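Given the structure is predicted, the values throughout are model-derived calculations rather than measurements.
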Amino acid sequence: VLLMHFDNITNFENATNGSKFTVYDWSLNGNNGTGNTNASNEGPNWNSSGGKFGGAFEFDGIEDRIRLVCSTPFNKTQNGLTVSLWVYQKTYETQFRRFIEFSSKTNNRIGWALQQDSYAGGIRWYVENNSVISGIVYGNASLNLWHNVVGVWRGTNELELYVDGAQQVFGNSNSSLPGSIATDGACNLLLGDENLNSGIADRNADFNGSIDEVAVWNRSLSSKEI
């Protein structure tokens, strides 16, 4: 239900430093994103040859983000959920730095996130409901290298994290996972940042590194598919 190549394809995308730009959803579900900019920061930097495959967006850890308001198919998670991206972590921060986050209520965060964890190179994949984290699984991806990171939620009490195709089992905490990810009809997704309860972005969660090839499925991929 979401596929972003970050290749700045002519006639579909217009990534330009210093201005807002469009990031096209190649799943054809219309979940296009918008790169931010403001007076003091130019937003994510598109690097035409800096990706795992072709181009990628570089986030400098200072209010860089890509935001999209997703359409109805993105909210349907009865058959589980899979989130995949390639990530290049440049630095480690003590704060949790978001790669990608979904929230369906701007005033009461519920959803899921893939993010940097509180140790060098660490990855955290979690699902939360009504601002209560109800399942977490951890993994490890070394700094200054490209890694494929995939989070899977199977709709019951199964939460899985894969790094470069290998399932991670470190610090697994899958108790009391929700049977569904609630939605109020609002669907917000951020790359490189997180939403606060007020619906604004949190600078303490700004990611420093590069992201490429973002994909979301409204079903749980098998380990063989991953």
Using side chain to side chain contact (heavy atoms under 4.5 Å, CB included), reason through Q116 and Q89 one step at a time and then give a plain yes or no. CA-CA 8 Å; Q116 203 172 54; Q89 302 179 96; 2.9 Å; yes
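- With D164 contributing its side chain and N148 its backbone, the two residues share a donor-acceptor pair below 3.5 Å.
- Here the two rings, on F57 and F21, have centers that are under 6.0 Å apart.
- In this structure the side chain of R65 never reaches within 4.5 angstrom of the side chain of F207, judged on heavy atoms.
- Between the OH atom in Y126 and the CD1 atom in I136 there is a gap of 8.5 Å [rounded to 0.5 Å].
- Side-chain N/O atoms of N8 and E13 include no donor and acceptor closer than 3.5 Å.
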What do the steps show when you test L81 against V152 for side chain to side chain contact (heavy atoms under 4.5 Å, CB included), and what is the final call? CA-CA 6 Å; L81 175 79; V152 180; over 6 Å; no
L161 vs L114, test: side chain to side chain contact (heavy atoms under 4.5 Å, CB included). Steps then yes/no. CA-CA 9 Å; L161 174 66; L114 271 172; 3.9 Å; yes
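- Listed for the E58 side chain is no donor-acceptor partner under 3.5 Å among the backbone atoms of P44.
- In this structure, H147 contributes its side chain and S142 its backbone to a donor-acceptor pair below 3.5 Å.
- For the atom pair CD1 (I211) and CD1 (I66), the distance works out to 7.5 Å, reported to the nearest 0.5 Å.
- Between the side chains of N32 and T22, no donor N or O sits under 3.5 Å from an acceptor N or O.
- A donor-acceptor pair under 3.5 Å links the side-chain atoms of S27 to the main chain of V1, judged by distance alone.
- Between the side chain of T82 and the main chain of R219, a donor-acceptor pair closer than 3.5 Å is present.
- No side-chain heavy atom of W112 sits under 4.5 Å from any side-chain heavy atom of W153.
- With a 4.5 Å cut-off on side-chain heavy atoms, L2 and L68 count as touching.
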Report the C-alpha separation of N208 and D206 in whole Å, then their side-chain angles, then the decisive distance to 0.1 Å, and conclude whether the side chain to side chain contact (heavy atoms under 4.5 Å, CB included) test is met. CA-CA 7 Å; N208 185 2; D206 294 348; over 6 Å; no
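- None of N47, L85, V23 except one satisfies the side chain to side chain contact (heavy atoms under 4.5 Å, CB included) rule with F6; the exception is V23.
- Residues W146 and S210 are in side-chain contact: their nearest non-hydrogen atoms beyond the backbone lie under 4.5 Å apart.
- Aromatic ring centroids of Y138 and W125 lie 6.0 Å or more apart.
- Between A56 and G51 the shortest heavy-atom distance is CB-CA, 3.3 Å.
- The minimum heavy-atom distance linking E213 with D7 is given by the pair OE2-OD2, 4.4 Å.
- Between L145 and L143 the shortest side-chain heavy-atom distance does not fall below 4.5 Å.
- Taken to the nearest 0.5 Å, the OG atom of S84 stands 11.5 Å off from the CD atom of E225.
- Less than 6.0 angstrom separates the ring centroid of W86 from the ring centroid of F53.
- V214 and W217 sit in two unconnected hydrophobic clusters of ILVMFWY residues. Membership requires side-chain heavy atoms under 4.5 Å apart, directly or through other members.
- A salt bridge between E160 and R154 is present, with a side-chain N of the basic residue lying under 4.0 Å from a carboxylate O of the acidic one.
- L221 and I123 end up in different hydrophobic clusters when Ile, Leu, Val, Met, Phe, Trp and Tyr side chains are linked at under 4.5 Å.
- Cluster membership check: I100 does not share its hydrophobic cluster with V150, using side-chain heavy-atom separations under 4.5 Å among Ile, Leu, Val, Met, Phe, Trp and Tyr.
- W26 is listed as a side-chain neighbour of I9, based on a closest heavy-atom distance under 4.5 Å.
- Between the side chain of D25 and the backbone N or O of L3 there is at least one donor-acceptor pair closer than 3.5 Å.
- With respect to E101 and R67, no salt bridge is recorded, no charged nitrogen being found less than 4.0 Å from a carboxylate O.
- Atoms CZ and CZ, on R124 and R98 in that order, are 8.5 Å from each other to the nearest 0.5 Å.
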